[in-house]
S.K.: 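One structure, pasted below without further comment.
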Number of protein chains: 4
Amino acid sequence: MIHLDHRDGRPIYQQILDGFREQIRAGVLMEGDRMPSVRELATQLAINPNTIQRAYRELEFQGWIASVAGKGSFVCGVPQSDAQELLQAFDKLTTTLLSMGIPARELAARIEKGGEDHA
Amino acid sequence: MIHLDHRDGRPIYQQILDGFREQIRAGVLMEGDRMPSVRELATQLAINPNTIQRAYRELEFQGWIASVAGKGSFVCGVPQSDAQELLQAFDKLTTTLLSMGIPARELAARIEKGGEDHA
Amino acid sequence: MIHLDHRDGRPIYQQILDGFREQIRAGVLMEGDRMPSVRELATQLAINPNTIQRAYRELEFQGWIASVAGKGSFVCGVPQSDAQELLQAFDKLTTTLLSMGIPARELAARIEKGGEDHA
Amino acid sequence: MIHLDHRDGRPIYQQILDGFREQIRAGVLMEGDRMPSVRELATQLAINPNTIQRAYRELEFQGWIASVAGKGSFVCGVPQSDAQELLQAFDKLTTTLLSMGIPARELAARIEKGGEDHA
DNA sequence: GTGGTCTAGACCACG
DNA sequence: GTGGTCTAGACCACA
């Protein structure tokens, strides 16, 4: 499920974190789904369990999952804050592109193109 | 000109790097303009000259500026690769937002809103 | 492994950089091999760790190695761009030598001589 | 005649030095030709006469030109050492390319291709 | 004066 | 232990 790349500049725990966030955003993991156990995932990815645990701790802190002692971790869904942050990033990126002289029409066209799958 | 924030997760040299990239993209600094000297900026920002130099070295490598020993550093303009990278980031972000169920109409509306200054 | 010469005009970090490039090109260091740690090499060469790190940073940027914080630096192999650059340098040098009146036969003979090891 | 590029990493005096060496090697400037005067060239290139003088001093030291007080500087031709250095560079480059697995045939073919003008 | 290199030594995040 | 960042201060080459 999660793909690690040691050449990637991001630390391992963050790649795991980002990987799960993407899967939850895309609906691959849905509310109520059980997350793989720390030990299980650590074995599968061949990395230290501490690294997994750090990623899970962060995911829980940000509201993506909830850990239940003795039962495991479960997906909560996409936190409200996430969409807001992504939209802020979208606005900032848009502002930059417009300031560089790229016409709004072109950006809108790119949205349509990228959105064909979701039409 | 450049604003540093020690609470920002990014290292200082990167904040400087990003700051100048924005200024060049926005046209505040234009081709041929002289960059502040390493020592001058270091004094102004109250940081070590080496940190400035690291930022300038990367800016030069990425094609934003040209440094001439004994003369100073000069703005080259926006590298070709930059707009492409930003557009790729835009596409990726758009795809994520659409996959979360945010309608393309809303994204398009946000572009219009942000683009009023450039209309 | 790496030999430094303070009389050499090239800065130390570049001598290190060039030294590793040669070793990777020649296959002495191969994909996946571990690079000596920054501190280790600094001690061995009796120079400052920062100088090693600068060399490693450039090697990583050019695609020769990948550095993972907390784990070490690992050889990626010869970047695609490298062979192209060397061949361009070869063409330029050849053109110069031919323009000086050195016959193509002599250059070809020199290749054969140098290539006996690889025949 | 001489083209300066401030974006070039080489210092100005070296660009001048290399420029004249190329012209002499290519036969654009021939033995006995008069070099432009320091003041004349400094005006033409819009740089400091000291920089020109440094280049001329180096050219004289390497045997490319000879300066006659009160008369000017005159081209001597290509020094013996130059061809030897270029051939050494050629051998080194060839060795590197062969060690990377590039066949000698390909290098020979490139020589033929580049030498068509001099056939 | 400029940028470029190097040293010595500190602190941090990561695994 | 690893690499990454930053500081303080030195010396050099260039223009």
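Protein chains get the first letters and strands the later ones, always in sequence-line order, with residue 1 at the start of each. Hydrogens, waters and symmetry mates are skipped; everything else that's a heavy atom, side chains included, is used.
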S.K.: With rounding to the nearest 0.5 Å, note down the distance linking CD1 in B/Ile52 to CD1 in B/Ile47.
M.R.: 3.5 Å
S.K.: Mark yes when over 12 heavy atoms from residues, nucleotides or ligands other than A/Arg34 sit less than 6.0 Å from its CZ; otherwise mark no.
M.R.: yes
S.K.: DNA chain E: A/Ile12 or B/Val68, which has the more 5' nearest nucleotide?
M.R.: B/Val68
S.K.: Tell me whether the side-chain N/O atoms of A/Tyr13 come closer than 4.0 Å to OP1 or OP2 in E/dC14.
M.R.: yes
S.K.: Can a salt bridge be assigned to the pair D/Arg21 and D/Asp82 using a cut-off of 4.0 Å between side-chain N and carboxylate O?
M.R.: no
S.K.: Under a 4.5 Å cut-off applied to non-hydrogen side-chain atoms, are A/Tyr56 and A/Met35 in contact?
M.R.: yes
S.K.: Just the rounded figure in Å: distance from C1' of E/dG1 to CZ of B/Phe74.
M.R.: 12 Å
S.K.: List in numerical order all residues of residues 36-61 of chain D for which some heavy atom is under 4.0 Å away from an atom belonging to DNA chain E.
M.R.: none
S.K.: Would the number of heavy atoms belonging to other residues, nucleotides or ligands and lying under 6.0 Å from CD of A/Glu31 be above 12?
M.R.: no
S.K.: State the OG-CD1 distance between D/Ser73 and D/Ile65, to the nearest 0.5 angstrom.
M.R.: 4.5 Å
S.K.: If I take atom CG in residue A/Leu17 and atom P in nucleotide E/dC14, what distance separates them, rounded to the nearest angstrom?
M.R.: 11 Å
S.K.: Without decimals, in angstroms, what is the distance between C/Leu4 CG and E/dT7 C1'?
M.R.: 15 Å
S.K.: Tell me which of D/Gln14 and C/Ser73 sits closer to the 5' end of DNA chain F, going by the nucleotide each one is nearest to.
M.R.: C/Ser73
S.K.: Round to a whole Å and report the spacing from NZ of C/Lys71 to P of F/dG4.
M.R.: 14 Å
S.K.: Between C1' on E/dG3 and CZ on B/Arg34, what's the gap in Å once rounded to a whole number?
M.R.: 11 Å
S.K.: Just verifying a value: how many Å separate C/Phe90 CZ and D/Thr96 OG1, rounded to the nearest 0.5 Å?
M.R.: 11.5 Å
S.K.: Rounded to the nearest Å, what distance is computed from the CG atom of residue C/Asp8 to the C1' atom of nucleotide E/dC6?
M.R.: 16 Å
S.K.: Could you state the atom-to-atom distance from CD of D/Gln15 to P of F/dA15 in whole Å?
M.R.: 9 Å
S.K.: Quick one: on DNA chain E, does C/Ala69 or B/Ala69 contact a more 5' nucleotide (nearest heavy atom)?
M.R.: B/Ala69
S.K.: Measure CZ/C/Arg7 against P/F/dC12 and give the value in whole Å, please.
M.R.: 19 Å
S.K.: Tell me, do C/Gln15 and C/Asp8 make a side-chain contact under 4.5 Å, heavy atoms counted?
M.R.: yes
S.K.: Closer to the 5' end of DNA chain F via nearest nucleotide, is it D/Arg10 or B/Pro11?
M.R.: B/Pro11
S.K.: Excluding sequence neighbours, so at least two apart, what forms side chain to side chain donor-acceptor pair (under 3.5 Å) with A/Arg57?
M.R.: none
S.K.: Under 3.5 Å for both distances, Watson-Crick or G-U wobble, that's the pair rule; now give the dot-bracket for DNA chain F, with | marking pairs to another strand and [ ] for crossing ones.
M.R.: ||||||||||||||.
